[in-house]
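When reading the values below, keep in mind they use all heavy atoms of this one structure, side chains included, and skip hydrogens, waters and symmetry mates. What you see is a predicted model, and the numbers here were worked out from it, not measured in a lab.
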Amino acid sequence: RVATTELSAGPGATIRIGAHSFINHGASLSARVGITIGENVQIAPHVVVMDSDFHAVGDLSDSGKQAPIVIEDGAWLAIRSTVRKGVTVGRGAGVAAGAAVVKDVPPYSVVAGVPAKVIRQMKADEQHQDAAAPPGPRGTLIPKETRGDGASAAAALDPIITAANR
């Protein structure tokens, strides 16, 4: 059984997905401010991207802290990683499996751990030369922007199709 991908944009929030980016099954993107995903980004199964705390500790009526998230071109997020509010994942950067990202990730670096820390900076010859090139026809998403109206954004994103299905 394949897990459902969840996309949710609250009132006034946006989720932008760049050309040729791929979001795998079971991923959850939840925006109360905004999530921007660049081009050629790869998001693995069960990744969580949340731009809000949704409530304060001890006060469920307080919406908590919120800040937009940016995942730049060519970045990849490995299985079960988490990206939290206010973070920018730099161009060509990688987030290791299970990492909890609470601070910005420099371009062309790899982060791992809880909380995530830089474990490697890629050398020039290792950097993704294809950060701006399409990853291929399978699973390639057509770009789409969604603006929240208080309902789940999943319904608004139904028209997104994969290039393989065109």
Side-chain angles (χ1 to χ4, degrees), residues 1-57 59-90 93-105 111-116 135-166:
R1 184 169 175 217
V2 176
T4 303
T5 298
E6 301 172 331
L7 303 169
S8 172
T14 57
I15 297 174
R16 291 183 176 92
I17 302 170
H20 310 293
S21 289
F22 181 78
I23 301 171
N24 217 316
H25 67 271
S28 178
L29 282 68
S30 185
R32 294 301 171 259
V33 177
I35 297 171
T36 301
I37 297 171
E39 295 185 1
N40 303 301
V41 171
Q42 301 293 310
I43 298 179
H46 306 288
V47 167
V48 176
V49 180
M50 295 174 49
D51 72 356
S52 173
D53 288 339
F54 292 97
H55 61 81
V57 175
D59 184 359
L60 299 180
S61 65
D62 181 346
S63 62
K65 296 178 183 174
Q66 304 174 353
I69 293 172
V70 176
I71 302 171
E72 294 181 348
D73 296 347
W76 50 271
L77 309 179
I79 193 167
R80 297 193 188 280
S81 59
T82 301
V83 178
R84 293 303 321 267
K85 64 187 177 296
V87 166
T88 294
V89 176
V95 176
V101 183
V102 295
K103 294 182 181 177
D104 289 352
V105 177
V111 297
V114 179
R138 250 186 100 178
T140 303
L141 293 177
I142 294 172
K144 177 75 174 177
E145 176 179 325
T146 253
R147 183 167 301 279
D149 61 0
S152 171
L157 290 173
D158 282 343
I160 291 179
I161 60 170
T162 65
N165 292 334
R166 281 196 257 168

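In terms of the salt bridge (Lys or Arg N to Asp or Glu O under 4.0 Å) criterion, R80 has no residue partners (sequence neighbours excluded). Evaluation of the side-chain contact (heavy atoms from CB on, under 4.5 Å) rule for A99 yields V95, A116 as partners, not counting sequence neighbours. Residues passing the side-chain contact (heavy atoms from CB on, under 4.5 Å) test with P45 are N24, H25, I79, sequence neighbours excluded.
Across A44 and A78, no two heavy atoms sit closer than the pair CB-C, 3.6 Å. In this structure, A96 and S81 approach most closely via the heavy-atom pair O-CB, 3.7 Å. Here the closest non-hydrogen pair linking T5 and G26 is OG1-N, 3.5 Å. Taking both residues in full, the closest heavy atoms of P68 and V33 are given as CD-CG1, 3.9 Å, listed atom of the first, atom of the second, then distance. Of all non-hydrogen atoms in G38 and D73, the two that sit nearest each other are CA-OD1, 3.3 Å.
To the nearest 0.5 Å, atom CD of residue E6 and atom CG of residue L29 are 10.0 Å apart. The distance from the OG atom of S30 to the CG atom of L7 is 9.5 Å, given to the nearest 0.5 Å. Rounding to the nearest 0.5 angstrom, the gap separating the NE2 atom in H20 from the CD atom in Q42 is 11.5 Å. Atom CD1 of I23 sits about 4.5 Å away from atom CD1 of I43, to the nearest 0.5 Å. Once rounded to the nearest 0.5 Å, the distance linking CD of E72 with CG of D104 reads 9.0 Å.
Not a single donor-acceptor pair under 3.5 Å links the side chain of N40 to the backbone N or O of S21. Judged by distance alone, with hydrogens and angles left aside, the side-chain atoms of D51 form a donor-acceptor pair with the main-chain N or O of G34 at under 3.5 Å.
Annotation: side chain of R32 is in contact with side chain of S8 (closest heavy-atom distance under 4.5 Å). Between I37 and V70, every side-chain heavy-atom pair lies at or beyond the 4.5 Å cut-off. With a 4.5 Å cut-off on side-chain heavy atoms, K85 and K65 count as touching. Proximity of V83 to I69: side-chain heavy atoms (C-beta onward) are separated by under 4.5 Å at one or more points.
Salt-bridge annotation for R84 and D53: present, with a side-chain N of the basic residue lying under 4.0 Å from a carboxylate O of the acidic one.
Only one option out of T36, T88, V105, L77 pairs with I71 in a side chain to side chain contact (heavy atoms under 4.5 Å, CB included); it is L77.
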Determine, stepwise, if the pair V101 / T82 fulfils side-chain contact (heavy atoms from CB on, under 4.5 Å). CA-CA 6 Å; V101 183; T82 301; over 6 Å; no

